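Here is the structure we will look at, set down as structure tokens.
If you're wondering where the values come from, they're calculated on a predicted model, not measured in any experiment.
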Amino acid sequence: MSRISRLPSSLIRAAACTGIAALTLTACGSGSGSGTANAGSGSVKVGLITKTDTNPFFVKMKEGAEKAAKDNGVQLVTAAGKFDGDNAGQVTAVENMVASGVKGILITPSDSKAIVPAIEKAKAKGVLVIALDTPTDPESAADALFATDNLKAGELIGEYAKAAMKGKTAKIAALDLAPGVSVGVQRHNGFLKGFGATDKDVACAQDTGGDQSKGQTAMENCLQKEPGINVVYTINEPAALGAYTALKAKGREKDVLIVSVDGGCTGTKAVKDGKIAATSQQYPLKMAAEGVKAVATYAKDGKKASGYTDTGVTLITDKAQDGVTSKDTAYGLDNCWG
């Protein structure tokens, strides 16, 4: 999302790549098709640090940042954790980007609390730090946050699931992210709020890390614990597709309602195909673009972005329910990512 201006020489570019060796650093060479380190041509440098560089969500985020860097005349430097949860790698990236002279850093924190000391050091050096998608803990540790309202995203699918059940008794499985991760907590709590339930009403809760194979295992475990599960909330669509695979193996795929969050193209197609009933779509490209613009503005006139900017969420389903606002998968596929 954030952009960094082009490094002044090939020597400095090489140093930047070497300095962030702890992360998966993309495009530190000359201008190849994926060369985010050379996106834009101005003297202002912007850093983008994502949780990983393989998740389609973050791939789309980087694309948005690259385009915004060019549009705003700044240079983008990017780094990503080796895995979701690689706080040490993100800390190294922050330190090296600050040392290289970035004006701002856009970051999707892998650990919302553990990253805070590194962010505070960056801010003390005059670097604008904007969290994307995932808030820091406390949220005020970053100068600003551009993100989906994850509580609202959860509420939307909770409201949808409640309406779709049409008064039937629900036996809920919650396939979550990981303990203490703010995005996962907010989506989980939002779902329960929208459904009108509490954690006491959840028959089985399992962590998946947002991974498809772990989602399948989690669903298998839940079916062993409570064979009568008929509603499945999942942290994201890979976990939802894992759950679908497990349910299909038991012949249950048609009588269990699966709802999710993200709105990636694969997930939205799964909604169209009937594997997932509904998903809350978010917009990573917009998060990135707005973040880069904010750093460019800060570099130009010293005006700092602050507070929370909601980048939007839309419920996507082809089986609309009365009283729940939604759009169909045609809209979802036009606006999906990945």
Summary of disulfide bond (SG atoms under 2.5 Å apart) pairs that have at least one residue in residues 252-338, sequence neighbours excluded: Cys265-Cys336
Any donor-acceptor N or O pair under 3.5 Å, side chains Glu220, Gln224: no
Heavy-atom pair with the smallest gap, counting every atom of Ile235 and Thr208: CG2-OG1, 3.7 Å
Side chain to side chain donor-acceptor pair (under 3.5 Å) against Tyr160, all qualifying residues, sequence neighbours excluded: Thr317
Side chain to side chain donor-acceptor pair (under 3.5 Å) partners of Asp211, counting only residues at least two apart: Ser213
Test item: Glu139 and Leu145 side chains (from C-beta on) under 4.5 Å apart, heavy atoms: yes
Salt-bridge criterion met for Glu63 and Lys60 (N-O under 4.0 Å): yes
Side chain proximity check, Ile119 to Thr136, heavy atoms < 4.5 angstrom: yes
Residues in ring-ring contact (aromatic ring centres under 6.0 Å, His included) contact with Tyr244, at least two apart in sequence or another chain: none
Pairwise side-chain contact, Glu120 with Val116, heavy-atom cut-off 4.5 Å (strictly under): yes
Any side-chain heavy-atom pair of Thr148 and Tyr283 under 4.5 Å: no
Partners passing side chain to side chain donor-acceptor pair (under 3.5 Å) against Lys51 (at least two apart in sequence or in another chain): Thr134
Side chain Ser280, main chain Ala153, donor-acceptor under 3.5 Å: yes
Donor + acceptor pair across side chains of Gln282, Thr311 (<3.5 Å): no
Nearest heavy-atom neighbours spanning Ile157 and Leu315: CG2-CD1, 3.8 Å
For Lys214, salt bridge (charged side-chain N to carboxylate O under 4.0 Å, His left out) partners two or more places apart: none
Stepwise salt bridge (Lys or Arg N to Asp or Glu O under 4.0 Å) test for Lys327 and Asp334: CA-CA 11 Å; Lys327 292 186 179 294; Asp334 283 343; over 6 Å; no
Nearest heavy-atom neighbours spanning Leu333 and Lys269: CD2-N, 4.0 Å
Sub-4.5 Å side-chain heavy-atom contact between Pro179 and Asp207: yes
Pairs satisfying disulfide bond (SG atoms under 2.5 Å apart), at least one member in residues 138-177, at least two apart: none
Nearest atoms (heavy-atom pairs only) where Asp328 meets Ile316: O-CG2, 3.8 Å
Flag side-chain contact, heavy atom, 4.5 Å: Asp111 against Lys113: yes
Which residues share a side chain to side chain contact (heavy atoms under 4.5 Å, CB included) with Ser306, sequence neighbours left out: none
Side chains of Gln281 and Val313 in contact at under 4.5 Å (non-hydrogen atoms): no
Disulfide bond (SG atoms under 2.5 Å apart) contacts in which one or both residues fall within residues 119-188, not counting sequence neighbours: none
Which residues share a salt bridge (charged side-chain N to carboxylate O under 4.0 Å, His left out) with Lys193, sequence neighbours left out: Glu155
Partner residues of Ser260 under the side chain to side chain donor-acceptor pair (under 3.5 Å) criterion, sequence neighbours left out: Thr234
Check: Asp84/Thr52 side-chain N/O donor and acceptor closer than 3.5 Å: no
Under 3.5 Å, which donor-acceptor pairs link side chains of residues 198-206 to any protein atom two or more places apart or in another chain?
from   : atom 1 : to     : atom 2 : distance (Å)
Thr198 : OG1    : Lys200 : N      : 3.2
Thr198 : OG1    : Asp201 : OD2    : 3.4
Asp199 : OD1    : His188 : NE2    : 2.7
Asp201 : OD2    : Thr198 : N      : 2.8
Gln206 : OE1    : Asn221 : ND2    : 3.2

Residue pair Lys293 / Glu290, side-chain heavy-atom distance below 4.5 Å: yes
Non-hydrogen atoms of Tyr233 and Gly184 that approach each other most closely: OH-O, 4.1 Å
Closest non-hydrogen atom pair, Ile229 against Arg252: O-NH2, 2.7 Å
Member of Val295, Val102, Asp143 meeting the side chain to side chain contact (heavy atoms under 4.5 Å, CB included) criterion with Val127: Val102
Ring-face cation of Lys303 near Tyr298 (centre distance under 6.0 Å, axis angle within 45°): no
Parallel, tilted or perpendicular: rings of Phe57 and Trp337 (30°, 60°): perpendicular
